[in-house]
Each structure stands twice: as C-alpha cells, then as structure tokens.
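In what follows, a structure is listed as structure tokens, so that the remarks can point back to it.
As the structure lists them, so they are numbered: ligands from 1, and atoms in each ligand from 1.
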Amino acid sequence: MAVDLLLGLQWGDEGKGKIVDYLTKNYDIIARFQGGPNAGHTLEFDGIKHVLHTIPSGIFHENSINLVGNGVVIDPVIFKRELDNLAKFNLDLAAKLVISRKAHLILPTHRLLDAASEAAKGKAKIGSTLKGIGPTYMDKTGRNGIRVGDLELPTWKEKYRSLADKHEAMIKFYDVDVQYNLDELETEFFEAVKVLKSLQFIDSEEYLHQAQVNQKKILAEGAQGSLLDIDFGTYPFVTSSNTTAAGACTGLGIAPNKIKEVFGIFKAYTTRVGSGPFPTELFDEDGKRMAKVGNEFGATTGRPRRCGWLDLVALKYAVHVNGVTQLMMMKADVLSGFETIKVCTAYQYNDQLISHLPYSIEEEYVQPVYQSFKGWKQDLTKVSKENDLPKELMDYIEFLENELQVPIKIVSVGPDRTQTIIR
Ligand code: IMP
C-alpha cells in the first residue's frame with residue numbers, strides 16, 4: 001500500500017494544516033515527519049480556529065491515528081499545552097495519538113541556547129521561533145540527544161542532567177544576556193514529561209511497516225516549507241530539518257518506492273516570516289494589502305509575515321526537488337480586488353536572465369522579472385465550484401499549471417474546511 005506525502009513548497013505557512021484536515025477522511029494514519037513546535041498548523045471548522053504545533057492535523061477526525069515520527073523534535077511542555085487545549089473535544093488521545101520512541105526531546109536548555117545563539121548573532125540572526133529547534137537537532141546529529149524512548153529507561157535523568165549542565169556552560173560561553181530560572185523551567189518540564197509518558201510510545205518504523213502490510217492508508221504531513229529545508233533552502237536562513245520529500249523517508253522510516261502522491265501546497269502569493277532573502281518581497285501598498293487581507297501573522301510567534309508576489313522560479317525548484325504530483329493553491333481569495341497580479345518568472349542575476357534558483361538569492365545578486373495578469377474583483381470566499389471562479393483567476397491557474405507541468409487539484413478560497421474547491 002502506498003504512502004502519500006503533503007508538503008509546503010514555499011517558506012512555510014502555506015496552509016498545510018487545513019489541507020491535511022480536509023484530506024484526513026481518506027487516510028487511516030496521519031504521520032508528522034519533521035520539525036517541532038516551531039510549526040503552527042491552523043485548522044478551522046464549525047466557526048472555531050485551532051492551532052496545532054506538534055500534534056498531526058488529523059487529530060480531530062474520529063477514525064485516524066496520528067503519529068509523531070522519529071524525525072520530529074518534541075518539547076514536552078508545549079506538547080502538554082496542546083493536549084490541554086484538546087481536552088474539551090473529548091478525543092480518545094491515548095488511542096489516537098502515538099509517538100515514535102526515536103523522536104528527540106527539546107529540553108528547556110535547548111530553548112535557552114536558541115535564544116543565546118540568536119542574541120549573539122545580532123543583525124545576522126536567523127529569526128528563529130526560539131523553540132529550541134536548532135540546538136535540539138544539533139544534539140541529535142552530534143549524537144548527544146535524549147529521545148522519547150530514553151524516558152522508559154531508569155538512567156534518563158542522569159543523561160538529562162549532564163546534557164543540561166553542558167548547555168548551561170555553552171550559554172555562558174555566548175556571553176549574552178539571557179535571563180532564566182532553570183529550577184522553574186525544570187519543574188514545568190518534568191511535570192510535562194509525566195503527561196507525555198501517559199501516551200503510547202511506539203517503534204514507529206515497524207508500526208508503519210505493519211500498517212502498510214495491512215493495507216492502511218498513510219498520509220505523511222510535513223511542516224515548514226521547502227525553502228526552509230536545511231539542505232535545499234535559503235541557508236543559513238532555514239530550519240534545521242529536511243522539510244522536503246526525502247525528509248518523509250528519514251523522518252518516518254518509509255522507503256522511497258512506497259511514496260505515491262506528493263501533494264505540494266503553495267499560496268497564490270508568497271510569504272516569509274523571520275530573516276533571509278525574499279526576491280519578490282513587497283514594501284508597498286500591495287504587500288500591506290496581502291498582509292491585511294490574508295491575516296499574515298505567524299501562528300506560533302504572532303510575528304507579521306513578509307508578503308510578496310508569487311515566485312515561480314522558487315516554486316518550480318520546490319516542485320522539482322520534491323517530485324510534486326498534485327498542487328494545491330491556497331488563499332486565492334486574498335488576491336481578489338488587485339488590478340494586476342504579478343508572477344516572478346525569471347531572475348535578473350548579475351547580467352544574465354535566469355529561470356532557475358541560483359546559489360545566492362540575496363538582493364545584491366537577484367532582481368525579480370515579472371509577468372503581469374489581469375486581476376479580478378469578485379469575492380471568492382463563497383464560491384464552491386470551479387465553474388464559478390472568475391476567468392482571470394482561471395487564466396492565472398492555467399498559466400501556473402502549464403509552467404509547472406503539474407495539475408492544481410485544489411483551490412482554497414478561505415480558511416474554513418468548506419471553502420475548498422476541488423478540480
Ligand atoms: P526555527 O526553525 O524556529 O529555528 O526557525 C528558523 C527559520 O524558519 C526562521 O526564519 C523561522 O521564522 C522559520 N520557521 C520555522 N518554522 C516555521 C513555520 O512553521 N512557518 C514559517 N516559518 C517557520
């Protein structure tokens with residue numbers, strides 16, 4: 001039985017949570033494969049908005065199992081908060097939510113290290129969400145990390161102490177002002193670990209193997225976006241995991257030949273939160289309008305997102321790196337009312353016109369070259385059928401499909417589950 005994969009193709013915040021929630025009815029298992037509580041997956045239904053950080057976006061559906069894979073990093077404190085927020089929904093979390101023993105834990109000192117590292121970088125900071133993601137993946141690849149499975153061993157607290165002590169020494173080394181009370185943070189952490197231990201820990205690669213043998217349908221859920229990938233993103237302004245398709249193999253233990261559909265999610269324009277290059281960024285009224293109408297504020301940090309026109313050069317790159325088989329265009333409704341819609345189709349790179357993503361896309365090297373499209377006035381938020389979409393939007397969609405050579409199967413026209421047009 002094949003596994004389908006769902007990923008963001010830009011700098012995150014494409015609307016993956018909404019689409020996973022929408023697709024969940026077709027799957028038995030929703031499996032998160034990378035990232036941690038730096039993500040904020042927003043779901044809206046029955047007039048209520050939910051933001052999930054670590055828990056997969058299939059959690060609200062009765063029949064799905066939600067699996068947190070080995071590639072994910074878990075902060076027990078944030079995880080507990082997420083569980084507390086779900087308490088009112090009477091979900092059987094002990095049965096519906098399973099966690100890989102090989103997932104790594106974010107310790108309180110990882111968060112402090114993140115803050116110290118960012119403060120020490122000054123103007124060159126990454127713009128991290130400060131959730132401890134970078135330091136935790138550093139300990140993972142440095143072979144020092146603490147994993148969920150360690151919590152079942154009597155020695156884990158010794159391991160914890162020696163790692164936390166090392167982190168404290170490292171924080172001092174940064175020589176920046178990071179205020180903290182470790183006793184308080186640790187009390188909160190150990191309480192949260194107890195709650196985490198009440199859930200089912202599993203050998204998730206074996207669990208997923210058996211699920212495949214038993215013909216279960218699996219959807220792998222990515223977090224962040226392809227341009228934040230540690231290898232293929234705009235390094236160093238990236239996150240610390242592989243957000244691209246290959247990350248689903250290493251983050252779940254799924255073999256590449258088992259992946260069937262790769263759903264690529266993108267916004268009809270582009271946003272980015274945090275630092276780093278963004279060739280199509282707008283600083284004018286158009287950018288402000290996208291931010292306002294699109295309510296472009298980070299779901300995890302509340303920071304305003306930077307906005308700009310769709311960057312087709314970067315989108316093509318993401319489609320290629322991921323092997324996308326179906327596209328989903330989000331937030332088409334936000335572009336209603338613009339006289340002209342622009343798409344960046346090439347870069348002026350030094351003295352050349354190029355149509356691929358070069359090594360550096362900082363503005364001193366790259367200038368976007370735009371193609372313009374006629375905009376539309378119609379409010380799309382009540383449209384439910386493709387035939388009722390304005391001709392100008394259909395022209396835009398067909399142009400993108402032609403350029404990307406991948407069909408756009410879903411057009412989202414609002415945050416609610418119901419505001420989803422299938423083509
Ligand atoms: P970190 O992963 O928290 O260290 O953040 C590294 C970079 O990735 C920063 O620019 C963040 O703003 C960005 N980032 C991390 N997670 C997300 C996300 O879920 N959506 C959008 N940007 C993110």
Side-chain angles (χ1 to χ4, degrees), residues 6-20 32-43 50-57 71-75 77-78 82 104 106-107 110-121 123-141 221-244 247 251 265-267 269-278 281 291 294-308 311 314 318 330-331 361-362:
L6 181 139
L7 311 149
L9 299 180
Q10 296 159 314
W11 278 289
D13 308 315
E14 296 89 355
K16 295 174 290 293
K18 167 175 169 168
I19 295 297
V20 175
R32 242 308 273 279
F33 62 85
Q34 46 68 232
N38 48 350
H41 291 173
T42 307
L43 289 61
H50 312 268
V51 182
L52 297 167
H53 299 287
T54 326
I55 294 175
S57 306
V72 177
V73 289
I74 300 175
D75 183 334
V77 175
I78 297 180
E82 282 189 74
H104 280 246
I106 302 176
L107 313 186
H110 281 132
R111 266 184 273 136
L112 299 171
L113 268 176
D114 214 355
S117 160
E118 283 283 81
K121 281 196 161 101
K123 274 201 185 133
K125 71 175 183 182
I126 307 296
S128 163
T129 61
L130 303 180
K131 303 293 175 198
I133 305 297
T136 306
Y137 279 112
M138 275 165 68
D139 272 336
K140 173 177 176 173
T141 51
E221 175 185 14
Q224 289 85 46
S226 300
L227 301 172
L228 289 172
D229 183 279
I230 184 74
D231 284 284
F232 300 109
T234 46
Y235 191 89
F237 301 100
V238 293
T239 190
S240 298
S241 59
N242 281 116
T243 57
T244 46
I265 317 264
F266 70 102
K267 269 181 198 165
Y269 49 100
T270 310
T271 62
R272 172 163 207 172
V273 62
S275 326
F278 180 178
E281 182 168 12
N295 192 24
E296 295 294 356
F297 294 93
T300 296
T301 57
R303 292 180 293 177
R305 296 180 186 138
R306 301 153 65 193
C307 295
D311 185 339
M330 310 303 289
K331 292 197 151 182
I361 59 164
E362 278 76 10

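The closest approach between a heavy atom of G127 and any atom of ligand 1 is below 4.0 Å. Within the structure, the closest approach of D114 to ligand 1 does not fall below 4.0 Å when heavy atoms are considered. Look at Q224 and you'll find a heavy atom under 4.0 Å from some atom of ligand 1. Residue-ligand proximity: R272 is placed with every non-hydrogen atom at 4.0 Å or more from ligand 1.
Close approach of ligand 1 to W11 is summarised as follows: ligand atoms under 4.0 Å from at least one heavy atom of the residue are 21 (C), 22 (N). For ligand 1, the atoms sitting less than 4.0 Å from at least one non-hydrogen atom of V238 are 6 (C), 7 (C), numbered in the order shown with element in parentheses. Listed by atom number, the atoms of ligand 1 under 4.0 Å from I126 heavy atoms are 6 (C), 9 (C), 10 (O).
When atom types are taken as modelled, the side chain of Q10 and the backbone of L227 share no donor-acceptor pair closer than 3.5 angstrom.
Checking only distances, T239 does come within under 3.5 Å of ligand 1, N or O to N or O. Looking at ligand 1, you won't find any N or O of L228 less than 3.5 Å from one of its N or O atoms. When only interatomic distances are considered, the shortest N/O to N/O separation between N38 and ligand 1 falls below 3.5 Å.
Side chains of H104 and D139: no donor on one and acceptor on the other come within 3.5 Å.
Ion pairing between K131 and D75 fails under the 4.0 Å rule for side-chain N and carboxylate O.
The two residues T129 and R303 make their nearest non-hydrogen contact at CG2-NH2, 3.8 Å. What you find for K140 and G71 is that their closest heavy atoms are NZ-CA, 4.0 Å. Heavy atoms only, all atoms of each residue included: L130 and S128 are closest at N-OG, 2.8 Å.
Of the candidates G36, G132, S128, it is S128 that places a heavy atom closest to atom 5 (O) of ligand 1.
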